[in-house]
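Note that this is a predicted model, so its numbers are computed, not measured.
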Amino acid sequence: EAKKTEEKSRELEESKKAMMNLLDDAERLEQELKAQRDEQRTILMSLGEGLIVVSEDQVVTFVNPAAERVLHIQEREMTGKRWDDMMRIYQGEVYLSFDKGPIATTIRTNSVVTCGAENDVFLECLTSQKKFPVALSTTPVTRNTKIGAVIIFRDITNEKEERKRI
């Protein structure tokens with residue numbers, strides 16, 4: 001009986017050590033993942049071009065500081081709100097509804113859409129009332145299924161003015 005108790009005690013001690021090792025591994029992995037997430041967020045926050053992430057159902061989920069500066073709006077004012085409630089895209093003077101614009105095209109076709117200076121595209125932030133010409137690219141975001149789109153844009157006002165002078 002004493003031998004069985006000793007055997008059980010040894011097994012429990014080994015199980016305890018194994019569990020402690022698993023906990024240590026889990027904590028280390030969690031720290032590594034957090035470090036990777038922090039690094040990726042730092043990169044996104046450091047981009048010089050505006051970056052906005054929109055879900056498949058038009059909800060803004062991320063706005064980087066460059067987008068905040070260009071649009072004169074804070075991320076907290078945009079995240080969680082529908083794109084059409086905050087932003088408009090125009091081709092020349094024609095407003096492109098969300099369904100007809102580059103973001104929905106990207107989500108629908110799972111392909112990149114690029115609009116350069118020659119496309120005469122304008123972005124308007126309804127909150128700040130700022131409207132300006134942009135070069136933009138929309139890229140699908142997928143993880144097994146469609147999630148939404150990333151919009152990268154830059155204000156090309158100066159470029160357009162420079163072209164007029166030439």
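No side-chain heavy atom of Thr138 sits less than 4.5 Å from a side-chain heavy atom of Thr105. Counting heavy atoms from C-beta on, the side chains of Glu124 and Phe122 never come closer than 4.5 Å. Inter-residue side-chain proximity for Thr79 and Phe62 is flagged as unmet; no heavy-atom pair is nearer than 4.5 Å. In this structure the side chain of Ile52 reaches within 4.5 angstrom of the side chain of Val60, judged on heavy atoms. Under the 4.5 Å side-chain criterion, counting only non-hydrogen atoms from C-beta, Val70 is not in contact with Val134. Lys16 places a side-chain heavy atom less than 4.5 Å from the side chain of Glu13. Using a 4.5 Å heavy-atom threshold, the side chains of Ile73 and Met86 count as touching. Between Leu33 and Glu30 the shortest side-chain heavy-atom distance does not fall below 4.5 Å.
For Glu93, the CD atom sits in a loose shell: 12 or fewer heavy atoms of surrounding residues, nucleotides or ligands are nearer than 6.0 Å. For Glu14, the CD atom counts as densely surrounded, since its 6.0 Å shell holds more than 12 non-hydrogen atoms of other residues, nucleotides or ligands. In this structure, Glu6 places its CD atom where only 12 or fewer heavy-atom neighbours from other residues, nucleotides or ligands lie under 6.0 Å away. Counted within 6.0 Å of NZ on Lys131, heavy atoms from surrounding residues, nucleotides or ligands total more than 12; the atom is thus considered enclosed.
Neither Trp83 nor Val113 shares a network with the other; the hydrophobic side chains, linked directly or stepwise wherever heavy atoms of I, L, V, M, F, W or Y lie under 4.5 Å apart, form separate groups for each. Connection of Val141 to Leu51 is established within a shared hydrophobic cluster, with ILVMFWY side chains joined at heavy-atom distances below 4.5 Å, either directly or through further cluster members. Note on Val63 and Val59: separate hydrophobic clusters, where clusters join Ile, Leu, Val, Met, Phe, Trp and Tyr whose side-chain heavy atoms are under 4.5 Å apart, directly or indirectly. Hydrophobic clustering, with ILVMFWY side chains joined whenever heavy atoms are under 4.5 angstrom apart, keeps Phe132 apart from Ile156. Tyr90 and Met87 are assigned to two separate hydrophobic clusters, defined by single-linkage of ILVMFWY side chains at heavy-atom distances under 4.5 Å.
Using a 4.0 Å cut-off between charged side-chain N and carboxylate O, Glu7 and Arg10 make a salt bridge.
Closest non-hydrogen pair, Ala149 versus Ile103, comes out as CB-CG2, 4.0 Å. Minimum interatomic distance between Gly116 and Ala135 (heavy atoms only, all atoms of both residues): CA-CB, 4.4 Å. Across Lys81 and Glu77, no two heavy atoms sit closer than the pair NZ-O, 2.8 Å.
Taking CG from Asp99 and CG from Asp84, the interatomic distance works out to 8.0 Å, rounded to the nearest 0.5 Å. One distance of note links OG1 of Thr142 with CD1 of Ile107; it measures 11.5 Å at 0.5 Å rounding. With rounding to the nearest 0.5 Å, the separation of CD in Glu68 from CD in Glu75 is 6.0 Å. Atom CG of Asn64 is separated from atom CD of Glu49 by 9.5 Å, given to the nearest 0.5 angstrom. Atom CG of Leu136 and atom SG of Cys115 lie 4.5 Å apart (nearest 0.5 Å). Taking NZ of Lys4 as the reference point, atom OG of Ser9 lies at 15.5 Å (rounded to 0.5 Å).
Under the 3.5 Å distance criterion, the side-chain polar atoms of Ser128 are matched with a main-chain donor or acceptor of Leu71. Of the possible donor and acceptor atoms, one in the side chain of Thr106 sits under 3.5 Å from a partner among the backbone N and O of Ser111.
In this structure, a donor-acceptor pair under 3.5 Å is present between the side chains of Asp57 and Ser55.
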Could you go step by step and tell me if Leu22 and Met19 meet the side-chain contact (heavy atoms from CB on, under 4.5 Å) rule?
CA-CA 5 Å; Leu22 286 173; Met19 293 297 282; 4.3 Å; yes
Take Asp85 and Leu126, measure what side-chain contact (heavy atoms from CB on, under 4.5 Å) needs, and give me the verdict at the end.
CA-CA 8 Å; Asp85 293 340; Leu126 300 176; over 6 Å; no
